[in-house]
*Asks:* 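Take a look at the following structure, please.
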There are 4 protein chains.
Amino acid sequence: MIVMDEKETDKKAALIEFFKADKFVELAGIKIEEITNEYAVCTAEITPAHLNANGCVQGGMLYTLADFTFAVLENYLHATTVTQCGHINYLRPAFTDKLIATARETERAGHTCLCEVRVTDASGKVCCICNFSGFIKEK
Amino acid sequence: MIVMDEKETDKKAALIEFFKADKFVELAGIKIEEITNEYAVCTAEITPAHLNANGCVQGGMLYTLADFTFAVLENYLHATTVTQCGHINYLRPAFTDKLIATARETERAGHTCLCEVRVTDASGKVCCICNFSGFIKEK
Amino acid sequence: MIVMDEKETDKKAALIEFFKADKFVELAGIKIEEITNEYAVCTAEITPAHLNANGCVQGGMLYTLADFTFAVLENYLHATTVTQCGHINYLRPAFTDKLIATARETERAGHTCLCEVRVTDASGKVCCICNFSGFIKEK
Amino acid sequence: MIVMDEKETDKKAALIEFFKADKFVELAGIKIEEITNEYAVCTAEITPAHLNANGCVQGGMLYTLADFTFAVLENYLHATTVTQCGHINYLRPAFTDKLIATARETERAGHTCLCEVRVTDASGKVCCICNFSGFIKEK
């Protein structure tokens with residue numbers, strides 16, 4: 001049990017270390033908050049640099065946060081996983097000082113994993129829901 | 001004819017001016033290259049800040065470029081248009097010094113417009129294809 | 001309480017009656033099993049008429065079952081709702097004598113509702129997951 | 001040249017023969033009209049059996065026609081290709097006596113092919129546009 005905990009901790013630490021090399025995520029100010037076997041959470045403090053011409057959070061920023069949270073979860077649950085396709089549904093414009101993305105795997109079969117990511121503002125309102133399919137390189 | 005040309009030029013200039021306020025697009029280094037009635041082209045010079053932990057262009061960067069090119073085209077063709085949903089298919093990792101996105105409207109019906117955006121590297125290879133649906137606020 | 005129950009029952013009965021006019025669903029052998037405020041379930045007994053050239057359930061049949069289950073749920077939860085777009089991820093070929101589709105609304109905002117539909121075979125294995133967005137005509 | 005033509009003809013004939021075993025497509029009244037290296041066309045004569053409860057062509061019928069046209073094209077262009085995911089955007093309700101679906105491959109990379117299918121009514125109006133990604137089993 002203790003050994004397992006250590007392994008888990010090691011895997012998380014290695015993953016967090018690995019993702020430090022993601023420079024676009026750094027540029028976007030995205031941070032990993034939580035990684036578990038059920039879900040992953042990433043957040044971003046919203047600054048003027050994240051806004052579009054209408055003064056709300058830019059769609060690409062929302063997508064980047066969701067896609068990264070998906071990548072964090074799937075690369076924790078499986079070996080190397082790459083995004084095959086992503087689908088984003090915009091629900092409400094985000095006027096907020098913080099974005100929170102939560103990724104959950106909805107299903108896995110063979111080399112394919114499906115994942116839903118909900119992005120909410122600081123008050124908990126859902127701004128967009130994304131669905132990703134990933135290809136798990138090694139099973 | 002001259003009047004029409006002037007109007008066209010005015011509309012383009014106003015649109016380019018409007019999109020200068022998109023701060024996330026500025027952060028991502030994306031530029032508008034061309035706006036016509038048939039297509040829009042945006043580009044980005046790739047720097048280390050655009051790369052993911054595997055050293056290729058981050059998926060969120062590819063999406064942001066595509067989504068913005070869609071927004072440029074649709075807001076030129078119609079009145080205010082907002083993205084309803086976006087779908088991205090990744091085809092090849094982008095190891096490149098430049099990305100070029102070309103948006104074309106595939107169909108329009110009522111308040112809905114559909115658009116395909118192809119993102120290529122400097123050599124012309126397609127990195128991803130995106131499909132967007134937009135809601136045209138005023139017809 | 002009793003009045004409310006009666007109303008609920010009346011709405012369900014009216015909806016089931018309305019959907020009897022869906023002739024393609026009848027042709028496909030799809031039946032409504034359950035309608036609640038949380039989910040809707042539809043099923044189909046699989047016959048040779050549902051199979052593709054490889055001997056497993058045809059992709060269009062899987063989609064039709066999922067799309068209809070979405071329509072049943074959303075038209076129960078809201079006033080008239082029409083499908084805007086549907087997205088289907090195929091996970092496993094369905095060799096089965098029965099298909100069960102379960103629809104759950106994942107989010108609603110303004111005129112838009114999002115819904116996930118899971119289609120399983122008789123043993124509970126997920127064959128495909130569909131995500132729909134609907135437009136609610138009257139709020 | 002003649003030999004090549006014969007081979008082409010043989011491949012088409014074999015494919016048409018193979019797809020005769022698709023019983024759901026037969027049930028839906030879908031027919032292969034044309035197969036070329038650039039596109040494939042399938043059609044369906046619309047009867048009351050294809051309609052939904054609102055009296056227009058059922059969404060699952062539209063999807064089935066599009067998905068099959070995609071399958072016909074991709075299995076002609078490549079070896080065995082299976083659908084990974086399908087995305088359908090509904091544009092106009094179809095009140096028509098005939099549906100025509102035209103599939104074109106938009107890109108191919110490695111084992112992945114992307115395809116757009118436009119479904120029009122008898123007057124040429126686009127009812128829906130579908131985007132599919134397929135997995136090419138053998139390259």
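Every heavy atom of this structure was used, including side-chain atoms; hydrogens, water molecules and symmetry mates were not.
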*Asks:* Among the options C:Ser133, C:Cys85, C:Gly60, C:Ala53, pick out the one with the most heavy-atom pairs lying under 4.5 Å from chain D.
*Replies:* C:Ala53
*Asks:* Going from NE2 on D:His50 to CG on C:Asp22, what distance comes out if it is rounded to the nearest 0.5 angstrom?
*Replies:* 12.0 Å
*Asks:* Can you confirm whether C:Asn89 sits close enough to D:Gln84 that some side-chain heavy atom of one is under 4.5 Å from a side-chain heavy atom of the other?
*Replies:* no
*Asks:* Please classify the contact between D:Leu51 and chain C as side chain, backbone, both or neither, with a heavy-atom cut-off of under 4.5 Å.
*Replies:* backbone
*Asks:* Is any side-chain heavy atom of C:Ile88 less than 4.5 Å from a side-chain heavy atom of D:Tyr63?
*Replies:* yes
*Asks:* Mind checking whether C:Leu27 and D:Leu27 have side chains closer than 4.5 Å, heavy atoms only?
*Replies:* yes
*Asks:* Are any non-hydrogen side-chain atoms of D:Met61 and C:Thr64 less than 4.5 angstrom apart?
*Replies:* no
*Asks:* With a 6.0 Å cut-off (strictly less than), is the heavy-atom count around NZ of D:Lys125, excluding the residue itself, greater than 12?
*Replies:* no
*Asks:* Are any non-hydrogen side-chain atoms of C:Phe18 and D:Asn54 less than 4.5 angstrom apart?
*Replies:* yes
*Asks:* What part of D:Asp67 gets closer than 4.5 Å to chain C, counting heavy atoms only: side chain, backbone, both or neither?
*Replies:* side chain
*Asks:* Between C:Pro93, C:Ala49, C:Ala71, which has the largest tally of heavy atom pairs under 4.5 Å with chain D?
*Replies:* C:Ala49
